[in-house]
Amino acid sequence: MNYDLVVLVSKLRHVENLEQLQEVKELADTFLRREKNYALLTLMAVAEELGEKEISETLDKLRNLLKGM
C-alpha cells in the first residue's frame, strides 16, 4: 500500500475541527494530483513502446473519465 495514502487516512481519522479537515483536503488533493501524473507518465511510456494510436485512445477514455470526477 502507498505510504502517502496510509498517512492521509491516518490524518483523516484524527480530524477534530474544520481547520484540520481543510489541511487533510489539501493533502488529499496533492496526493490525487501526483497519482494522476504518475498514471499519465506510465501511459506515455507504454505508448512509446506499443504505439501512440492505441494508447491515445486509452488516454482519451481516461481523460473523459477524469472530467466526470
Side-chain angles (χ1 to χ4, degrees):
M1 181 177 268
N2 188 314
Y3 177 76
D4 291 334
L5 182 58
V6 172
V7 170
L8 178 63
V9 171
S10 176
K11 287 185 183 242
L12 185 58
R13 287 183 179 169
H14 294 94
V15 168
E16 295 180 2
N17 57 47
L18 288 176
E19 183 178 313
Q20 290 176 339
L21 183 61
Q22 183 61 33
E23 290 174 8
V24 171
K25 181 187 177 301
E26 290 170 6
L27 183 62
D29 289 342
T30 300
F31 172 77
L32 287 174
R33 188 172 34 256
R34 186 173 52 239
E35 291 301 313
K36 287 177 188 177
N37 286 339
Y38 288 152
L40 290 173
L41 288 172
T42 300
L43 284 173
M44 290 170 63
V46 170
E48 200 171 294
E49 293 294 322
L50 296 179
E52 290 185 24
K53 182 179 180 199
E54 183 177 336
I55 299 302
S56 67
E57 291 172 1
T58 303
L59 283 173
D60 288 339
K61 290 178 186 177
L62 178 61
R63 189 176 299 116
N64 290 334
L65 177 66
L66 291 175
K67 283 182 184 177
M69 294 180 112

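All figures in this text were calculated on a predicted structure; none of them were measured in a lab. Atoms considered below: every heavy atom in the structure, side chains included; atoms not considered: hydrogens, waters and symmetry mates.
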Could you list all the salt bridge (charged side-chain N to carboxylate O under 4.0 Å, His left out) pairs where at least one residue sits in residues 7-27, not counting sequence neighbours? Lys25-Asp29
Under a 4.5 Å cut-off applied to non-hydrogen side-chain atoms, are Val7 and Phe31 in contact? no
Can you hop from Tyr38 to Leu40 via hydrophobic side chains spaced under 4.5 Å? no
So do the side chains of His14 and Val24 get within less than 4.5 Å of each other, counting heavy atoms only? no
Determine, using the 4.5 Å side-chain heavy-atom cutoff (strictly less than), whether Leu5 and Leu27 are members of one ILVMFWY cluster. yes
Leu12-Leu8 co-clustered via ILVMFWY side chain contacts under 4.5 Å: yes
Less than 4.5 Å apart, side chain to side chain, heavy atoms only: is that true for Glu35 and Asp4? no
side-chain contact (heavy atoms from CB on, under 4.5 Å) against Lys36, all qualifying residues, sequence neighbours excluded: Leu66
Check whether more than 12 heavy atoms from other residues, nucleotides or ligands sit under 6.0 Å from atom CG of Leu65, and answer yes or no. yes
Not counting sequence neighbours, list each pair that qualifies as a salt bridge (charged side-chain N to carboxylate O under 4.0 Å, His left out) and has a residue in residues 59-69. Asp60-Arg63
